[in-house]
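Here the structure comes first, spelled out in structure tokens, and everything after it is commentary.
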Amino acid sequence: MFSPSSLSLSVYVSRHFCAEYAIEEFPISNLKTIINLVGFIEMGRTPWQVRSYDDRMEFRDVYDLYPPLVSFKIHHGGRFTNTPGRQYLGGKTHYVELVDTDTFSVHELQDMMHEIGYTTPRPTYYHFLVPGKDLDNGLHALGSDMDILEFLKFVPKYKVFEIYTEHWVSKLNTYNRSPGVSNVVIEQLPDEGQPELGTIKRVSKTSKKLLLEWNVGDSGVDVDAGKEALHTDELPTGVDFDAGKEPLVEDEFPIGVDNSMLDDFDPFWGEGENVDGEANGNNSDPDFEVELHNLVDEVAVDMDTFHTNTDLDVEWMEKNGMATEIPNVDGDADTVYMDGLESNTDDEDLEAERKSLLRKLRREKVAVEEDTVSFDVGKVFGSKKEIKRLIDLHAIQSRRQIHLIRNDTHRVRAVCRGSLPEMNKEYGVGSSTHVGTKASDGKSCPWLLHISKGKNDSTWMVKTFVESHKCLQSMKVKACTASFLSKEIVDLITHNPEIPIKALQVEMQRTYGQKMSHMKAFRAKTMALNVIRGNYAEQYNHLGDYALELQRTNPRTTVKLDVECAADPSGDSRRFKRIYICFESLKKGFKAGKRDFLGLDGAFMKGPYPGQILTAVGIDSNNGTYPLAWAIVEAETTNSWTWFLQLLGDDLDITVRSNFTFISDRQKGIIPAIAKVFPSAEHRFCVRHIQENMKLSWRGKEITDQLWKCAAAPTVPEFQEAMNGIKAMSTQCYDWLKQIPLHHWSRAHFTGRSHTDCILNNFCEVFNKQLVEARDKPIVSCLEYIREYVMKRIGNVNKCIEKADGPLTPKAALVLEEIKKEAINYRAIWNGGSKYQVNGPWLDNVVVDMSEKVCSCRRWELIGIPCKHAVATIWTINSNGAEVGMPEFWVDEVYWLDTWKKMYSFHLEPINGPKMWPKSTCPTKLLPPTHHKQVGRPKKKRVKSVTEITDGKRLKRVGKTVRCVKCGKEGHNKRTCKGQAPT
């Protein structure tokens, strides 16, 4: 309750502010907050307050009183998932009320995080969400003064802002897109004096009361409104060494030809390199905007919970596992059973014993809470291995030199051999010299531990324990080995397997207080990864068991395992060569989709053994990816692609004469393989790879855009007109393109049997993007990652299907709606039969044949959705009294919602863990492929195209020949010219 004096003060404060800020009298509520706010302002201090959801208060009247005040909803301790459908998972939420935006700065965010509980200095990235937008498109950086100015633009309309934090490294590119040029990472700085405090900015007498938007829109955060999400440990996730680099900008090079590069360049085969192994799919090429009907509609699949280890003999180590306590008191350590402790007498001995037991329970509770190791007399252990691990842990935690002097089958005796402190005898007391660490003869640290077990007993028990240490601590403890550290950092590496060695080294030094070499941190991480992911070589021997488990749970699934020919056929081992997997449910689902179209692509493995992942990906009814089959082979060769395609043809019943359609890059192995296995199939080339090859000799946006016009032209006249444009720019480029068969890359020469005019292999790149985390895992873990991803994806798509309604899929309905908007300007004229002449603006006159479902613009024939001319014709027929139905009824059944449902009605069945897999009866052991170590450091990044190679600030002049302006010769410039200028 407020006293009369405080009430009078509140009334005075409210009236004072009303007069100062020219606002009307408001109901007196939240008076205590107003008084505190006035006090803060008078003292020049920041008035913000950190609160949890349950402690939140309403500040509408306060925000009306002073418009620059806002509230922050800070999400911290979590991580962002990938787009689309980005979410912020595994974090907590706190509210910061009464934030004064007139004095707000980036460094004030760090003070808020410190108030929340982040007292340890760490690099932190801050992002704010634009109100009304989602996490895919609405995140902006808060890392510089320019970012603050961008943020202040939204303050006049909104009063609640969501702030998202990332620690150690940022997965987003908001700092590259922010208005400020500096990518600021907020770290804890030493206090160099009190900063100058700002003052409250007065508003104008004519200012109006602002509209407060208290309902924050859905932002995709996986946290229930008003509740804190499950909190996970905040682990370092790596260091962003490229944070200061400018975004890549492609220079517009003049159109030209390097004749030296044309000599050995084959326009049909290209370079043969996969230049986009990790492209992003839809937005992978800045030079070509993908049409709406070809945009890949991919659902988000969270694979962060994937557990990769499939080794049977792995021992999972829990961090700091504690031993069993002495069984005098059962149950939880917080519970004290008073039976036998209560006394109706004044016996001092019994009371002392009771207090001693209570103190012991409190000590044990504190030890458990602080995660320290204790060896109380009477404590029992299950194995000697556990005892030795805890002794090592105690040595590292206490930083003492613990040694085992007895270590046999029935006893373990440990002593401390640390150095004792002693005054240096060469100097007297009171001298200016320091205290030495010279050990005395016959003296040692009293710490002692003796644990033993009986002859017929398997339980180990602490018999003697002297707890006190008198020696000096050391930063080089013998027990701090890479093997020990690997068991302690398993949780850290599980959450962030890509943490840099340097960051891991610093983290372990801070945690254990020990000097840590770079190589020791590297060995510890490698051992931890082996525990998490499994042994690379050993998993090859489990492939037979894994194949049997897949066929047991998913009948009629195709699993083909190929091995190298052995020099000794009677040997007991074989070398792995290839494996192919195609699930029966995926075969049925693909056939139910009724679209004979597949994309083929390959991606390299990143582990110690070489290999390539070959994939066959289809397109579903909603223009989403549909992974069908995958294989791991030795390399992308004609032989491996032929083997893959033959198995794929057997699973899909594709014969030599089948009219199937494939799209791929121009890798040298796949082109002859398709021609050999499916000679009647239509094989399209990804135009982006043609463009990358063309950039080696002809660059510039103008000629690149003209190439895309050629490829996207649906009719032969339009194609020829675009080709003439290239010829006008460069006859050599025109001749080079003519050498590539037109039916491989030109829409004007495609057939319409696949119901897609796709000229980009972007849906395969989308699938390959999901496999980035799988490609550096052991082989069984890699295959399991792909299977689990596909299984989860089918479940997520079914959730989308349940929300869809109407005769068409959501993507097809969106495409048709855009076509209808264009069809308004067209008029159809009937010829008395089944054909119509459709007239439109800009002399766009075509012929539509309704009986054949074709239009002379060929778009209806290519994609299976009525074009704008056909839609105008359907409207004309309906207006004349003939009932032909809505345009939706003329869409091919490939895009029907029922087709989409049937396609995803076939599910992948889950499998058991490796311990429950059936054992293969094959008498030979499967060995990993022969590994030939390559020269130099192993490459784990994709091959970049010419226009992507930069030095951080500008594009490099790769592929361009320098010409000397003095002598006119190529290969050097005027500064290095050794000749004379021409006369």
Worked check of side-chain contact (heavy atoms from CB on, under 4.5 Å) between Tyr540 and Ile779: CA-CA 7 Å; Tyr540 284 93; Ile779 185 166; 3.6 Å; yes
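Nearest heavy-atom pair across Asn768 and Gly602 is ND2-O, 4.2 Å.
Within 6.0 Å of the CD atom in Gln473, the count of heavy atoms belonging to other residues, nucleotides or ligands exceeds 12.
A donor-acceptor pair under 3.5 Å is formed between the side chain of Thr526 and the backbone N or O of Phe522. Although no hydrogens or angles enter the test, the distance criterion places a donor-acceptor pair under 3.5 Å between the side chain of Lys525 and the main chain of Ile499. One N or O on the side chain of Gln401 and one on the backbone of Lys476 form a donor-acceptor pair closer than 3.5 Å.
The aromatic rings of Phe381 and Phe375 sit tilted, their planes meeting at an angle between 30° and 60°. Under the 30°/60° scheme for interplanar angles, the aromatic rings of Phe80 and His127 are found to stand perpendicular.
Legend: residues meeting salt bridge (Lys or Arg N to Asp or Glu O under 4.0 Å) with Arg787, ordered by chain and number and at least two apart, are Glu784. Every residue two or more places apart in sequence or in another chain that forms a salt bridge (Lys or Arg N to Asp or Glu O under 4.0 Å) with Glu634 is listed here: Arg578.
Between Phe576 and Tyr609, the distance from one ring center to the other does not fall under 6.0 angstrom. In this structure, His469 has its ring center closer than 6.0 angstrom to the ring center of His394.
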